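Computation of the quantities below employed the complete heavy-atom set of this structure, encompassing side-chain atoms and omitting hydrogens, waters and symmetry-equivalent molecules. Values in this document were obtained by computation on a predicted structure and should not be read as measured data.
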Amino acid sequence: MEQHRSLQELMAVRREKLEVLRRMRVEVFGGRYEVDGSVGEVVNGFEVGRVVRVAGRVTAHRDMGKSHFLDLWDFSGRVQVYVNEKEVERRLLEVLRLVDIGDFLGVCGEFFLTKTGERTIRVKEMEFLTKAMRPLPDKWHGVVDVEKRTRQRYLDLIANERSREIFEKRIRIVRLVRRFLEERGFVEVETPMLQIVAGGAAATPFRTHHNALDVDLYLRIAPELYLKRLLVGGMTKIFELNRNFRNEGISRRHNPEFTMLEAYWAFADFEKMSELVEEMICTVAEEVCGGLRIEHRSEDGEVKRVINLERPWRRAKYRDLVEEAVPGWFDLTVEERRQKALGMGLDLTHCQEDYEVTQHVFEKLVEEKIVDPVFVTHCPKELIPLAKLNKADPSTIEVYELIANGQEISPGYSELNDPDLQRKRFEEQSGGEKQKLDEDFLVALEYGMPPAGGMGLGIDRLVMMLTGAETIRDVIFFPHLRPEGQ
RNA sequence: GGGUUGAUAGCUCAAUCGGUAGAGCAGUGCCCUUUUAAGGCAUUGGUUCUGGGUUCGAGUCCCAGUCAACCCA
């Protein structure tokens, strides 16, 4: 990469300017600079004649000979600054000649309106704050290359407005989710990321080792079993919003580390949790998207999908949805179901059990086709060992699976708190395999965990739904890519 | 893991049948006192992802590899 001569030449030009600036005793990589706020804040406080101090990256330089217009930019916005040769000291002009696009400047001056009505700062003083040694991407086309946009996210953020908007929304969504729960009396807690037994979900964990204790540890695949211990400990409304890790494939919807909200509410049940999540998502959507009709647009601005979040959201039984997609499905024998699924072109190589075949049909023919949110209830008990059985139909469990935008967004359970039944369900799930049980968790249950509702919410997927991002890597600052080989 | 497609200047993209690798922006020099994708004139810049092969000649064809995207598992 460093061998490209033309890049080296561009960098050499900047390095030379750096040397000239140093000879002029300019502190090129400056320090503290008092500003009146971010660029966006300062420009929003516009008032003709007001003297302001602001700092930012130079993203454009329109040189008119005796007058110059520069754009100063940061994540919050851009502001135009104006330098008139007659109005400033010669030294400032000498420094200005050495400013490249990409450099950081601090300026002080008075606000005025240009002929075309643009709010502009008439520069009196200017301070060099940082020189960019490398050229920035094209000011108009930005960075398009997907690989570059993720490996060098900072360039993507500088160059691409759409990307900035998505991450701005993500930041607001996370803040609003926290605020929503806190306003309802939930407290945020932190539980181990390094776990002796990776429990709370069925997934392959990342493995690591603690040297001092000489024990193998796993990065958590879910915080569930620790949060429940806190219910045992007397906490009644808790949540954790942080990263989970799963050592599995990377896809449009999967990143090895992803952000998950889990909340537990003592003496509630899955239905109460479904109402909570429904209200939470609507509250967030109204604030972030300005309404409950979420429009997903393609690059050229065309609406390609609308998600309607108007309440109440549909609630439907798992069995009915499968039956809707494949009439007569449950009248077939186990073998007939397998044949039928194969006949529909589904790959069943990873489906051993009958319920897995049905689940595969559910994922492909129901889940992926759902756009507006649906709470799927009465799921088969084999899918989730941590939820209470349905009293009226013990082959199903007291859960909801919230599906929207073609993917699972949030599960919620009436949490199983019978320690003997919990042990049995764990053992059934491991299916004879020597999967380790979290015995400490079972001990905690034996001390008594209050009945409770619990829910999870995939934050990355929520952000995808509310921003219309097509892939998870567009909503994670630094998604995982294979390192570039050398 | 399998299939398909892609990788050309700092960035965004061209290059017809295998025949001198080009443009815009950025950069450099000059002109210009309200521009905003500023403008005008001139100009620099290339290991065409890497390594082999075919050929008089390869960005283009073949083989292997790297990375990525999409689809499938």
Where the side chain of A:Asp100 is defined as all heavy atoms beyond and including C-beta, which of B:A73, B:U28, B:U35 is the nearest nucleotide?
B:U28
Once you round it to whole Å, what is the distance between C1' of B:U35 and CG of A:Asp71?
10 Å
May I ask you to say what A:Asp347 touches in the nucleic acid, namely base, sugar-phosphate or nothing, with a heavy-atom cut-off under 4.0 Å?
sugar-phosphate
Length of the CD-C1' vector between A:Glu147 and B:C11, whole Å
15 Å
Is any side-chain N of the basic residue among A:Glu324 and A:Arg314 closer than 4.0 Å to the acidic one's carboxylate O?
yes
Is there a donor and acceptor pair closer than 3.5 Å between the side chain of A:Thr114 and the base of B:U35?
yes
What does A:Lys86 touch in the nucleic acid at a heavy-atom separation under 4.0 angstrom: a base, only the sugar-phosphate, or nothing?
base
Return the nearest nucleotide to the side chain of A:Val13; candidates are B:A73, B:U28, B:U12.
B:U28
Expressed in angstrom and rounded to an integer, what is the separation of A:Arg14 atom CZ from B:U28 atom P?
8 Å
Give a yes/no answer on whether the side chain of A:Arg78 brings an N or O atom under 4.0 Å of OP1 or OP2 in B:A37.
no
I want to verify a distance call: between B:A68, B:U34, B:A26, whose nearest atom is closest to the A:Tyr82 side chain?
B:U34
Donor-acceptor pair present, A:Gln80 side chain and B:U35 base, under 3.5 Å
yes
Please work out whether B:C17 sits syn or anti, treating a glycosidic angle within 90° of 0 as syn.
syn
Please confirm whether the shortest side-chain N or O distance from A:Arg151 to OP1 or OP2 of B:A68 is below 4.0 Å.
yes
Which of these nucleotides, B:C71, B:U35, B:A69, is closest to any side-chain atom of A:Phe69?
B:U35
Are the side chain of A:Arg164 and the backbone N or O of A:Leu157 linked by a donor-acceptor pair below 3.5 Å?
yes
Given B:C71, B:A26, B:U34, which nucleotide is nearest the side-chain atoms of A:Arg252?
B:C71
Any donor-acceptor pair under 3.5 Å from A:Arg473 side chain to A:Asn255 backbone
no
Ring center gap for A:Tyr82 and A:Phe69 short of 6.0 angstrom
yes
Using the C1' atom in both, what is the distance from B:A23 to B:C32, to the nearest Å?
26 Å
What's the closest nucleotide to the A:Arg473 side chain, out of B:C13, B:U34, B:A69?
B:A69
With a non-hydrogen cut-off below 4.0 angstrom, is A:Thr471 in contact with a base, only sugar-phosphate, or nothing?
sugar-phosphate
Please report, rounded to the nearest Å, how far the P atom of B:G46 is from the CD atom of A:Glu9.
6 Å
Name the nucleic acid region contacted by A:Gly142, choosing base, sugar-phosphate or nothing; use a 4.0 angstrom heavy-atom cut-off, strictly under.
sugar-phosphate
Looking only at the side chain of A:Asp63 (C-beta and beyond, no hydrogens), which of the listed nucleotides B:C32, B:G27, B:U33 gets closest?
B:C32
So if I take residues 154-170 of chain A and measure heavy-atom distances to RNA chain B, which residues fall below 4.0 Å?
none
Looking at A:Glu168 and A:Arg172, is any side-chain nitrogen of the basic one under 4.0 Å from a carboxylate oxygen of the acidic one?
no
In whole Å, what is the span from the CD atom of A:Gln152 to the P atom of B:A68?
14 Å
Comparing A:Glu118 and A:Pro135 on RNA chain B - which has the more 5′ nearest nucleotide:
A:Pro135
Identify which one of A:Ile121, A:Leu70, A:Val43, A:Thr114 satisfies the side-chain contact (heavy atoms from CB on, under 4.5 Å) criterion when paired with A:Gln80.
A:Thr114
Quick one: is A:Arg62 getting a side-chain N or O under 4.0 Å of the B:U35 phosphate, OP1 or OP2?
no
Work out how far the P atom of B:C63 is from that of B:G3, and round it to whole angstrom.
13 Å
B:C32 P sits how many Å from A:Asn84 CG, rounded?
14 Å
Protein-nucleotide distance (A:Leu346, atom CG; B:A73, atom C1'), rounded to Å
12 Å
Measure from the side chain of A:Thr120, starting at C-beta and using heavy atoms only, and say which of B:C11, B:G27, B:U35 lies closest.
B:U35
Could you work out the separation of B:A15 and B:U60 based on their C1' atoms and round it to a whole Å?
10 Å
Are A:Phe206 and A:Tyr218 an aromatic pair, judged by ring center distance below 6.0 Å?
no
Residue whose nearest RNA chain B nucleotide is more 5′ - A:Gly65 or A:Lys148:
A:Lys148
Pairing of A:Arg14 and A:Glu19 as salt bridge, 4.0 angstrom limit
no
State whether A:Lys139 places a side-chain N or O below 4.0 Å from either non-bridging phosphate oxygen (OP1 or OP2) of B:C11.
no
How far, in whole Å, is B:G59 from B:U50 if one measures between their C1' atoms?
14 Å
Looking at A:Lys115, I'd like to know whether one of its side-chain N or O atoms comes within less than 4.0 Å of OP1 or OP2 on B:U33.
no
Select one nucleotide: of B:A68, B:A26, B:G24, the one nearest the side-chain heavy atoms of A:Asp138.
B:G24
Considering only B:U34, B:U12, B:A68, which nucleotide approaches the side chain of A:Ser67 most closely?
B:U34
Indicate, with a heavy-atom threshold strictly under 4.0 Å, whether A:Asp145 touches base, sugar-phosphate, or nothing.
sugar-phosphate
So what does A:Glu85 hit on the nucleic acid, given a heavy-atom distance under 4.0 Å: a base, only sugar-phosphate, or nothing?
nothing
Excluding sequence neighbours, so at least two apart, what forms side-chain hydrogen bond (donor to acceptor under 3.5 Å, both in side chains) with A:Glu356?
none
Quick one: sort the A:Phe111 and A:Phe46 rings into parallel, tilted or perpendicular, breaks at 30° and 60°.
perpendicular
With a cut-off of 6.0 Å (strictly less than), are more than 12 heavy atoms of other residues, nucleotides or ligands near CZ of A:Arg15?
no
What is the distance, rounded to the nearest whole Å, between atom NE2 of A:His141 and atom C1' of B:A14?
13 Å
